[in-house]
Amino acid sequence: MNEAFSRYQFSIYLWYCYCVEQLLSSLGPVCAVIGAQWGDEGKGKAIDLLAEHFDVIARACGGANAGHTIVVKGKKHVFRLLPSGCLHEGKAIVLGAGMVIHLPTLLEEIQLLRDSGIDIVDRLYISPAAHIVFDFHKEIDGVLEERRTKAVGQGIGTTRKGIGPAYMDKAMRAGIRMESLLGASVMWKEMLNKKAIDTKTMFGVRIDIEKECEQLYTAQKLLKKRIVDVSWMLVTEFLHTGKKILMEGAQATLLDIDHGTYPYVTSSSTTVAGALQGLGLAPKHLTSVIGVAKAYCTRVGSGEFETEVEGDIGDRLRKRGGEYGSVTGRPRRCGWLSIPDLKRTALINGFDCWNITKLDVLDTEDTIPIGVNMDAKGMVTYTNLPGWKTSTVGITSFEKLPVEAQNLIRFIETETKTSIKLIGTGQGREEMIVRT
Ligand code: IMP
């Protein structure tokens, strides 16, 4: 009996490995994983699965507003700047020019990994063109949120990590970039002194120049040698030598500064095009894009969310999905899947396939409404699919899913005209269906 059981388990495992192989060969050497909703789709799990098979893990845009939980030796850590794939030994880690980097946060993350016996410094490559987020940017973020709240009754609900103000400086061509760590410290004082005047008059924020210089100095000691021309490295050192690149998207398409629900968006480009731009990687190198969406939907911060549900149902989704912000701890707004949003994000990013995450969160629902149409006023028409009322946790083969869950997956595929290759069925890294 036992032997028969283990033979059965082994054959399932072999089938799983075959499916992963098939998926990998379809992805090619440069793959991007991009969020399709308002962030927190659970991109980390697909990245964890794929990272093992890629040589370079790259983050292109955004900053410490992102948050992914990583378990290191049984201990949970929330990482904000380093890509979640960095835990895989020997992989090169790239932080692209489109990023805004808060240096104390980056140093803290590096140290956390060191404490767990993982040293990433020698395989870290940071673009000199990435901008530095200073503590005064965080203060300005707070001031701007308060001003918005006074003016229109609500802020954007930013993470207050200084993201908007750092990108403001970048767009004003007044930012301080990682390349400044290659120069002498007297330059820093000069730059910050100039900045201090504007910051005080425009926002009433004082810059603690001594403290900021000290932070730059600490970072310089560790990171100076890690600042390199990332675009050149990606092509000549990696692609031309047969290495594979995994681009780890941060935030998600509906938060994109151009294509998202403006003004309730982040300040960076969160699409695949933004990732290529942020890394300085020519589009011709890209071989695949995986779109990641939850089987329902969440959002943190303000802004439209037409399929949002409040009350008991919203609370249930929040509780079952553990929907609390990993950066801010804020409860996430919860609601149903929106097909028009998925169609739009698939169009913008050219998704080759989907990773639908957290299917198991819907296990207890009687019916599952899916938003299928949205009029100009934001009124949603729903199709109600029957629920399956049984646990799908840990299921690793599509055929083993209840027929109603299979139908939900097929429904999304038909509506979005994009196949679903990965389906999350639980928190564990192996709780995933991989389809050929
Ligand atoms: P900011 O990026 O901190 O300026 O915040 C702007 C908006 O984007 C707010 O609604 C944030 O909650 C949201 N946001 C930024 N980063 C993330 C993320 O990683 N996940 C989910 N929402 C995010």
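Both ligands and their constituent atoms are indexed starting at 1 by order of listing. Counting begins at 1 with the first residue of the sequence.
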| Does the ring of Tyr125 carry Arg226 above it, NZ/CZ under 6.0 angstrom from centre and within 45° of its axis? | yes

| said: Give me the nearest non-hydrogen protein atom to atom 22 (N) of ligand 1 as residue plus atom name, then the distance to 0.1 Å. | reply: Val300 CG2, 3.4 Å

| Proximity flag Gln251 to ligand 1, non-hydrogen atoms under 4.0 Å | yes

| query | For ligand 1, is any non-hydrogen atom under 4.0 Å from Trp38's backbone (N, CA, C, O), its side chain (CB onward), both, or neither? | reply | backbone

| task | Could you tell me which atoms of ligand 1, counted from 1 in the order shown, lie closer than 4.0 angstrom to a heavy atom of Ala66? | result | 19 (O)

| query | Any ion pair linking Glu323 and Lys294 (charged N to carboxylate O, less than 4.0 Å)? | reply | yes

| request: Decide whether an N or O pair under 3.5 Å exists between Ser302 and ligand 1. | output: no

| message | Whether Arg299 engages the ring of Phe305 as a cation-pi pair (distance to the six-membered ring centre under 6.0 angstrom, angle to the ring normal within 45°) should be assessed. | response | no

| query | Are Glu431 and Lys358 close enough for a salt bridge, meaning some N to O gap below 4.0 Å? | reply | no

| task | Check Val265 against ligand 1 and report side chain, backbone, both or neither, counting heavy atoms closer than 4.0 Å. | result | backbone

| query | Below 4.0 angstrom, N of the basic side chain to O of the carboxylate: do Lys421 and Asp352 qualify? | reply | no

| query | What protein heavy atom sits nearest atom 12 (O) of ligand 1, and how far away is it? | reply | Arg330 NH2, 3.1 Å

| remark: Closest non-hydrogen atoms of Thr425 and Lys45, given as atom of the first, atom of the second and distance, are N-NZ, 4.2 Å

| field | N-O pairing of Glu310 and Arg333 below 4.0 Å | value | no

| field | Atom indices of ligand 1, in the order listed, that fall short of 4.0 Å to a heavy atom of Gly157 | value | 9 (C), 10 (O), 11 (C), 12 (O)

| Is the shortest N/O to N/O distance between Gly39 and ligand 1 below 3.5 Å? | no

| How far is atom 3 (O) of ligand 1 from its nearest protein heavy atom, and which residue and atom is that? | Thr159 OG1, 2.5 Å

| query | With backbone taken as N, CA, C and O and side chain as the heavy atoms from C-beta onward, which portion of His68 lies under 4.0 Å from ligand 1: side chain, backbone, both, or neither? | reply | neither

| query | Under a 4.0 Å N-O cut-off, is there an ion pair linking Lys211 with Asp135? | reply | yes

| said: If the contact criterion is a heavy-atom separation under 4.0 Å, does Arg299 count as touching ligand 1? | reply: no

| query | Glu109 side chain to Leu82 main-chain N or O, any donor-acceptor pair under 3.5 Å? | reply | yes

| Under 4.0 Å to a heavy atom of Thr266 - the qualifying atoms of ligand 1, by number | 1 (P), 2 (O), 6 (C)

| Salt-bridged, Arg148 to Glu145, with N to O below 4.0 Å? | yes

| query | In ligand 1, which numbered atoms sit nearer than 4.0 Å to a non-hydrogen atom of Gly301? | reply | 10 (O)

| remark: Short version for Leu255: what comes under 4.0 Å of ligand 1, heavy atoms counted, is side chain

| message | Assess whether a salt bridge exists between Asp48 and Arg429, defined as any Lys/Arg side-chain N lying under 4.0 Å from an Asp/Glu carboxylate O. | response | yes

| request: Could you tell me whether some N/O pair between Asp141 and ligand 1 is separated by less than 3.5 angstrom? | output: no

| query | With a cut-off of 4.0 Å, which atoms of ligand 1 are near a heavy atom of Ile156? | reply | 6 (C), 10 (O)

| task | For Asp40, take its heavy atoms, then give the atoms of ligand 1 lying under 4.0 Å from any of them. | result | 20 (N), 21 (C)

| query | Do the ring planes of Phe134 and Phe136 sit parallel (below 30°), tilted (30 to 60°) or perpendicular (above 60°)? | reply | parallel

| Is the shortest N/O to N/O distance between Thr158 and ligand 1 below 3.5 Å? | no

